[in-house]
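Worksheet: the structure to be examined is printed underneath.
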2 protein chains.
Amino acid sequence: MQKTKLIDFPAIKTACSRCSLQQLCLPQGLNSADMERLDQLVKRPRPLHRGEYLFCQGDRLKSLYAVRSGSFKTYSLGEDGNEKILGFHLPGELLGLAGLGHGEYRAAASALETASVCAVPFDRLQDLADHLPSLNHQLHKIMSQRISRDQEVLLLLGDKSAQERLATFLLNISSRFAERGFSAREFNLSMSRQDIANYLGLTLETISRTFSHLQKDGALEVDRRLIRIVDRECLANIAGACFTDASSATH
Amino acid sequence: MQKTKLIDFPAIKTACSRCSLQQLCLPQGLNSADMERLDQLVKRPRPLHRGEYLFCQGDRLKSLYAVRSGSFKTYSLGEDGNEKILGFHLPGELLGLAGLGHGEYRAAASALETASVCAVPFDRLQDLADHLPSLNHQLHKIMSQRISRDQEVLLLLGDKSAQERLATFLLNISSRFAERGFSAREFNLSMSRQDIANYLGLTLETISRTFSHLQKDGALEVDRRLIRIVDRECLANIAGACFTDASSATH
DNA sequence: TCATTTCTTTGATACAGATCAAGAAACTGC
DNA sequence: GCAGTTTCTTGATCTGTATCAAAGAAATGA
């Protein structure tokens with residue numbers, strides 16, 4: 001029985017030890033002196049365990065974070081105490097962007113499993129970006145990608161059925177795994193049914209039922225949090241027009 | 001009978017003739033030479049009429065736009081042809097941000113009524129921002145505010161009832177009017193019931209019913225698209241914890 | 001090891017909002 | 001002004017998901 005947690009994959013360390021640098025620099029290709037300067041900014045705080053906070057809603061903005069291993073959820077909590085999950089963050093992805101304009105974090109981030117991050121002090125990043133246009137453009141790019149990704153979620157929550165939402169969610173997660181060099185076909189979800197339900201605007205019972213249903217239809221094999229995508233075609237049809245990227249990396 | 005369209009308010013021209021400059025520079029206070037350079041970038045295309053496109057999904061990114069008068073909706077369309085409205089844009093607000101990271105517009109923008117914009121050529125803005133840290137920081141700020149605003153909408157669509165959604169929507173619109181110097185208490189909606197429904201993930205019938213209901217409860221007076229907020233307190237209670245800004249500007 | 005807690009599945013029932021339908025009111029162009 | 005179209009309101013019915021309930025499976029901790 002496969003009990004592998006994300007963090008146990010050996011490829012993680014290779015893929016993500018310099019993940020914040022990759023995120024910020026890869027496309028523009030800073031020269032090595034500039035890379036060096038950026039590298040010096042990056043801190044590696046101790047790993048966090050499941051449920052621990054990376055930051056809380058309203059904390060003063062200190063750093064942007066890039067996930068090195070494990071995964072996080074970000075959520076905002078209304079004063080009635082209940083949380084609304086805004087997103088899940090896999091290795092290589094950035095946390096804290098929404099705070100840039102406000103000087104404080106707009107949501108809380110907590111680890112879904114044992115997880116580690118790179119921290120990039122915000123003010124020093126900003127200073128550096130002022131002198132490195134390519135870094136700066138990359139920042140713009142990342143932020144606007146975030147905007148359009150959030151807008152895709154709006155699309156999702158707009159008027160889609162439970163099946164469409166879950167199928168879209170799974171394909172999304174799958175392709176994010178694939179981007180980082182993991183299997184797009186089989187993976188462990190690090191979040192609970194409750195978390196998925198919250199994120200998709202449904203209840204955990206509906207998520208559970210929908211998993212069962214997708215399994216009965218032969219699109220998935222579900223063993224608790226281990227998901228195997230059996231019929232990607234079928235899943236994509238159910239998801240609707242949202243996802244068409246083949247992500248044929250099914251190693 | 002009040003038939004005034006937004007564009008007829010005399011205050012609009014005063015408030016918005018330099019709106020893109022206000023948006024980009026006000027908080028940081030560029031010096032007048034820098035303001036001058038930015039001002040030279042700004043173009044004023046001819047006004048658009050209801051239903052005309054400012055840009056389409058997939059168009060190459062040329063400019064960022066700031067709404068001068070009138071209003072716009074941005075929407076993305078699935079290949080099944082049906083559109084999903086991502087947002088409404090009132091005078092002073094920016095359009096096209098989500099395209100920054102992609103080189104093309106991520107959604108279409110069309111005028112809800114006769115409307116005009118300022119256009120800021122994107123590449124030249126980027127050049128200028130490279131040399132003006134304060135402008136650059138302002139761009140960062142605007143983008144991250146957009147991210148957190150989109151996330152608020154996620155919150156809204158997550159698990160709120162029709163009443164909560166509509167009340168939140170109206171308070172949101174109201175406070176955006178107030179920011180621009182218009183009445184927060186009484187205003188004309190420039191979008192149809194169908195557009196509101198689409199945006200809020202409901203049907204137009206539900207929107208219509210909910211308007212009637214809010215009116216019966218004494219929170220609103222509704223005369224087709226003219227809305228008067230009678231009991232802001234009540235509306236805020238219905239909206240839930242989402243909106244607490246008093247916006248006491250009820251002139 | 002067992003007891004406790006957390007997570008997940010499945011079933012029965014209720015309800016908010018969707019859908020179908022029809023008519024009223026306002027706007028359009030001639 | 002008048003026909004035609006679009007937008008809005010209201011009613012009747014249907015349905016997908018929430019809610020309530022219970023029990024099984026896995027993780028946790030002593």
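Numbers restart at 1 for each chain; the letters A, B, ... are given by sequence-line order, proteins then strands.
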* Using a cut-off of 4.0 Å on non-hydrogen atoms, how would the nucleic acid contact of S192(A) be classed: base, sugar-phosphate, or nothing? ->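 Result for S192(A) = sugar-phosphate.
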Within this structure, what is the [atom1]-to-[atom2] distance between [X] and [N], rounded to whole angstrom?
{"X": "M191(B)", "N": "dT6(D)", "atom1": "CE", "atom2": "C1'", "value": "18 Å"}
{"X": "N188(A)", "N": "dA26(D)", "atom1": "CG", "atom2": "C1'", "value": "14 Å"}
{"X": "L157(A)", "N": "dG17(C)", "atom1": "CG", "atom2": "C1'", "value": "17 Å"}
{"X": "R193(A)", "N": "dA27(D)", "atom1": "CZ", "atom2": "C1'", "value": "15 Å"}
{"X": "R225(A)", "N": "dT9(C)", "atom1": "CZ", "atom2": "C1'", "value": "14 Å"}
{"X": "R224(B)", "N": "dT10(D)", "atom1": "CZ", "atom2": "P", "value": "12 Å"}
{"X": "L214(B)", "N": "dT10(D)", "atom1": "CG", "atom2": "P", "value": "13 Å"}
{"X": "D195(B)", "N": "dC8(D)", "atom1": "CG", "atom2": "P", "value": "9 Å"}

For the residue pair [Y] / [X], report whether a side-chain donor-acceptor contact shorter than 3.5 Å exists.
{"X": "Q151(B)", "Y": "S76(A)", "answer": "no"}
{"X": "E52(B)", "Y": "S110(B)", "answer": "no"}
{"X": "T74(B)", "Y": "H89(B)", "answer": "yes"}

* Asked: the helix from dT1(C)-dA30(D) to dC30(C)-dG1(D): angle between its terminal axes, five pairs each, to 10°?
  ->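 One end's axis against the other's: 60°.
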* Considering residues at least two apart in sequence or located in another chain, which fulfil the side-chain hydrogen bond (donor to acceptor under 3.5 Å, both in side chains) criterion with Q145(A)? ->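 Counting only residues at least two positions away or on another chain, Q145(A) forms no side-chain hydrogen bond (donor to acceptor under 3.5 Å, both in side chains).
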* Partner set under side-chain hydrogen bond (donor to acceptor under 3.5 Å, both in side chains) for K84(A), not counting sequence neighbours ->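 Applying side-chain hydrogen bond (donor to acceptor under 3.5 Å, both in side chains) to K84(A) gives none.
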* **Listed partners of E221(A) passing side chain to side chain contact (heavy atoms under 4.5 Å, CB included), at least two apart** =>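 Partners of E221(A) under the side chain to side chain contact (heavy atoms under 4.5 Å, CB included) test: Q215(A), R228(A), V230(A).
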* To do: Kindly compute the distance separating CG (L155(A)) from CG (L86(B)), expressed to the nearest 0.5 Å.
  =>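 Nearest 0.5 Å value for the CG-CG distance: 6.0 Å.
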* To do: Test ring-ring contact (aromatic ring centres under 6.0 Å, His included) on Y199(A) and F88(A) and set out the steps.
  => CA-CA 9 Å; Y199(A) 177 65; F88(A) 300 107; 5.1 Å; yes
* Asked: For dT10(D), does either OP1 or OP2 sit under 4.0 Å from a side-chain N or O belonging to S212(B)?
  ->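 Answer is yes, contact under 4.0 Å.
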* Asked: Which letters describe nucleotides 15-22 of chain D, given B = protein heavy atom under 4.0 Å from base, S = only from sugar-phosphate, - = neither?
  -> --SSBB--
* Would you please name every residue forming a ring pair (Phe, Tyr, Trp, His ring centres under 6.0 Å) with Y105(B), sequence neighbours left out? =>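 Checked Y105(B) against ring pair (Phe, Tyr, Trp, His ring centres under 6.0 Å); matches are F55(B).
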